[in-house]
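When reading the values below, keep in mind they use all heavy atoms of this one structure, side chains included, and skip hydrogens, waters and symmetry mates.
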Amino acid sequence: MASTPKSVHWFKSSYSDNSGGECVEGARISPHTMAVRDSKDTSRGNLTIPAASWTTLTTTVKHA
């Protein structure tokens, strides 16, 4: 787990709502790095992954 700057913009899937359902959030922390965290428990930190891996994941999920 890496430290993520506090000024990043976290986003949820367009399929998420505010009813408290299970959700992950993502944030671009550099041109080549994404961060992912649990939206229900942000105190647990986040996982950082290469931006290319994030693109592969989201593309794969969209077409599944």
Side-chain angles (χ1 to χ4, degrees):
M1 226 175 290
S3 176
T4 302
K6 294 190 184 293
S7 63
V8 299
H9 171 72
W10 290 96
F11 60 88
K12 292 182 185 180
S13 165
S14 59
Y15 292 99
S16 298
D17 61 26
N18 293 322
S19 65
E22 296 177 16
C23 188
V24 296
E25 294 177 310
R28 182 171 296 277
I29 58 175
S30 79
H32 304 287
T33 309
M34 293 293 296
V36 182
R37 71 181 183 184
D38 182 343
S39 65
K40 296 178 301 312
D41 188 1
T42 60
S43 68
R44 298 191 72 173
N46 60 76
L47 173 68
T48 56
I49 59 174
S53 296
W54 175 261
T55 300
T56 299
L57 171 68
T58 57
T59 301
T60 301
V61 170
K62 285 179 189 177
H63 297 290

Practice item. Can you run down the salt bridge (charged side-chain N to carboxylate O under 4.0 Å, His left out) pairs that involve residues 26-37, sequence neighbours left out, and say none if there aren't any? Key: E25-R37
Study note, to complete from the structure: Hits for side-chain contact (heavy atoms from CB on, under 4.5 Å) against S53, two or more places apart or cross-chain, chain-then-number order -> P50
Practice item. Kindly write out the residues that satisfy side-chain hydrogen bond (donor to acceptor under 3.5 Å, both in side chains) with T60, not counting sequence neighbours, or none if the list is empty. Key: none
Exercise for review: Compare every heavy atom of A51 with every heavy atom of P31, then report the nearest pair and how far apart it is.
Suggested key: O-CB, 3.9 Å
Study note, to complete from the structure: Contacts of T58 meeting side-chain hydrogen bond (donor to acceptor under 3.5 Å, both in side chains) (sequence neighbours excluded), chain-then-number -> none
Review point. Which atoms form the tightest heavy-atom contact between A27 and F11, and what is the distance?
Key: N-CE2, 3.7 Å
Revision key, fill the gap. When V8, I49, N46 are each screened for side-chain contact (heavy atoms from CB on, under 4.5 Å) with M34, the one that passes is I49
Practice item. State which residues pass side-chain hydrogen bond (donor to acceptor under 3.5 Å, both in side chains) with T33; sequence neighbours excluded, sorted by chain then number. Key: S30
